[in-house]
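Read the structure below first, then the notes.
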Protein chains: 2
Amino acid sequence: MTSEPNLLAVIQRQLNELNKSEAKVAQAILNAPEEATRSSIASLAAAAGVSEPSVNRFCKRFGATGFPDFKLQLATSLASGVRYVSRAVEFSDDINTFPTKLFDNAINALMTAKEELPLKAIARAVDQIAQARRVYFFGLGTSAAVARDAEHKFFRFNVPVFTHEDPLMQRMLAASAGVGDLFFFISHTGRTKVLVEAAEIARQTEATIVSLTAEGSPLADQSHCCINVKIEEDTEQYLPMTSRLVQLVTLDVLAAGVTLRRGEGFTPHLARIKDSLKDTRFQTS
Amino acid sequence: MTSEPNLLAVIQRQLNELNKSEAKVAQAILNAPEEATRSSIASLAAAAGVSEPSVNRFCKRFGATGFPDFKLQLATSLASGVRYVSRAVEFSDDINTFPTKLFDNAINALMTAKEELPLKAIARAVDQIAQARRVYFFGLGTSAAVARDAEHKFFRFNVPVFTHEDPLMQRMLAASAGVGDLFFFISHTGRTKVLVEAAEIARQTEATIVSLTAEGSPLADQSHCCINVKIEEDTEQYLPMTSRLVQLVTLDVLAAGVTLRRGEGFTPHLARIKDSLKDTRFQTS
DNA sequence: CTCATTATGTAGTAAATTTACAAAAATATA
DNA sequence: TATATTTTTGTAAATTTACTACATAATGAG
């Protein structure tokens, strides 16, 4: 089954590559998706201002066998509960609308990322992490929190893991790196100067450089392995919200990959770590 | 729209009360529901061994306006039913399966949380944060990274924000709190001793205590306001993965809530913060 | 057994969808 | 710039699909 998880997102993404009348159809559907699932090809054609065959061609372009099949896929996609592609919070929103919007945006971002996971890069990064003697997670701003989260995950693999938010520490550690050291840089844009500089410094050593960042960015250029996660544009203006979620889950994937690499015999080790926390908690009554 | 959660269950339940040919139709649909959504009224009638109008009548009996409408409802019902299943990573998984599983689990966790958002608690927490003179975000382990992330978001609101991972610092800060101070505790279980103790200490002051944790937990008991997000059980044994994502998005919701509270006039302030980062990045070529 | 009621199917009709083809627009080429 | 070629779009006819009205069959009551 190759049914797309979110048909609306796919339509949204391809909006530019459509020709005039197909774009009109796309817009009509995006405007009122639920209605589209209920309307006939004639009424949708009218709503979009195009002819009926244009609607039909549109449907086939998106992998449906025809209009009814398309409606079915659309309905299925909508049923998942994520209504719209990506909706910005507005000042007119109230408590009943904006929380849902934010959750929807987060879900959409993960769905989009999931569709285009760079599996080869991930596999390679797992290899490199599994072999590393020491791993440094470096990020700044929001990505610093992501790096911190990664640290909490990866230290479980018997590999010394370090995080530093201080750019000067990052530079110095990069400079003193050697064989077996792995620097893992996290950055949404891949253009943060001090981080890129740290990567440049590390690059001059024997260390391996992996980055979770935008393809083609200065940071990616410095990396032996770049994991480029498809980032749905953050629609909100001032807070990076969705990109870090994708980063976190991607790091989960890497952690799981390393665990699988270690094999079943590694489970007791993880269990011991888990047990060590037992006494820090109040028991469930 | 009062669409039933599971149309198949409804059909199953009414099976006895149907007359002969309607029962045949019901059986045909129950045997192959997915296929039914794709077939025409003629082929379904053939499959059931009845006439086309019988199928049509069957559809109307179950609240649909006709056969196409029924198919739509059926498809919707099938889609939403399959959604909420999270699957654990197994040692037999390979690179093509486990990344998808992890993303699916993350998506499911967010969808589940979205269904049962504690809007009143969220609204209250927004109120309290918006009025606070000082906000402390405290978490330990994975939640420390979440707290760090929150710090990065909330400092934008002109309110002094602090995070400390050190339990001793947390205790001391809690002890010296006063009116206008808000302690925001983040904990998946709500049972981490040192965190609960810090909350108890803070509780003896004039400070406000908000927590993002499990309902009914010791930590929740200490809080003036507890935001209980529905946590899909982490199926993986050793790494808390999905719960922190829900926490992060919930904090995004709170941040957005505070922004909306501040009103449109606040936008320039946020823009200034954003601009301040401009020179830290390499320009896009 | 007959009548009334309900259930089911037949056939025709209306609607919706698709196909084939032609006109129009856009693009490339001379 | 004019012409040829390709792509896009619409028209109209063909086909498939769904629905309605009505007739027949089955069921049950008196």
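All chains are named by letter (A, B, ...) in the order of the sequence lines, taking the proteins before the strands, and each is independently numbered beginning at 1.
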Scoring nucleotides 16-28 of chain C by protein non-hydrogen atoms under 4.0 Å (B base, S sugar-phosphate only, - none) yields -BSB------S--

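A sub-4.0 Å separation between OP1 or OP2 of C/dT8 and a side-chain N or O of B/Asn19 is present. Neither OP1 nor OP2 of C/dA7 sits under 4.0 Å from any side-chain N or O of B/Ser54. For the OP1/OP2 pair of D/dT8 and a distance below 4.0 Å, the side-chain nitrogens and oxygens of A/Ser21 include no atom meeting the criterion.
Heavy atoms only, all atoms of each residue included: A/Ser187 and A/Ser143 are closest at CA-OG, 3.9 Å.
A salt bridge links A/Glu115 to A/Arg13: one of the charged nitrogens lies within less than 4.0 Å of a carboxylate oxygen. For the pair A/Asp252 and B/Arg244, the salt-bridge criterion is met [side-chain N within less than 4.0 Å of a carboxylate O]. By the 4.0 Å N-to-carboxylate-O rule, B/Asp69 lies too far from A/Arg38 to be salt-bridged with it.
The nearest whole Å value for the distance from the NZ atom in A/Lys24 to the C1' atom in D/dT8 is 12 Å. One can place CZ of A/Arg61 at 14 Å from C1' of D/dT9, the figure rounded to the nearest angstrom. What separates CD of B/Glu22 from C1' of C/dG9 is a distance of 14 Å, to the nearest Å.
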Determine whether A/Phe137 and A/Leu251 satisfy the following criterion, side chain to side chain contact (heavy atoms under 4.5 Å, CB included), listing intermediate values before the conclusion.
CA-CA 11 Å; A/Phe137 287 99; A/Leu251 283 161; 4.0 Å; yes

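Within a 6.0 Å radius of NZ in B/Lys20, no more than 12 heavy atoms belonging to other residues, nucleotides or ligands are found.
In this structure, B/Val50 reaches the sugar-phosphate backbone alone: every heavy-atom distance under 4.0 Å involves primed, P, OP1 or OP2 atoms, never a base.
The terminal axes of the helix from C/dC1-D/dG30 to C/dA30-D/dT1, fitted over 5 pairs per end, subtend an angle of 10° to the nearest 10°.
In this structure, A/Phe184 has its ring center no closer than 6.0 Å to that of A/Phe138. Under the 6.0 Å cut-off for aromatic ring centres, A/Phe67 and A/Phe58 do not qualify, their centroids lying 6.0 Å or more apart.
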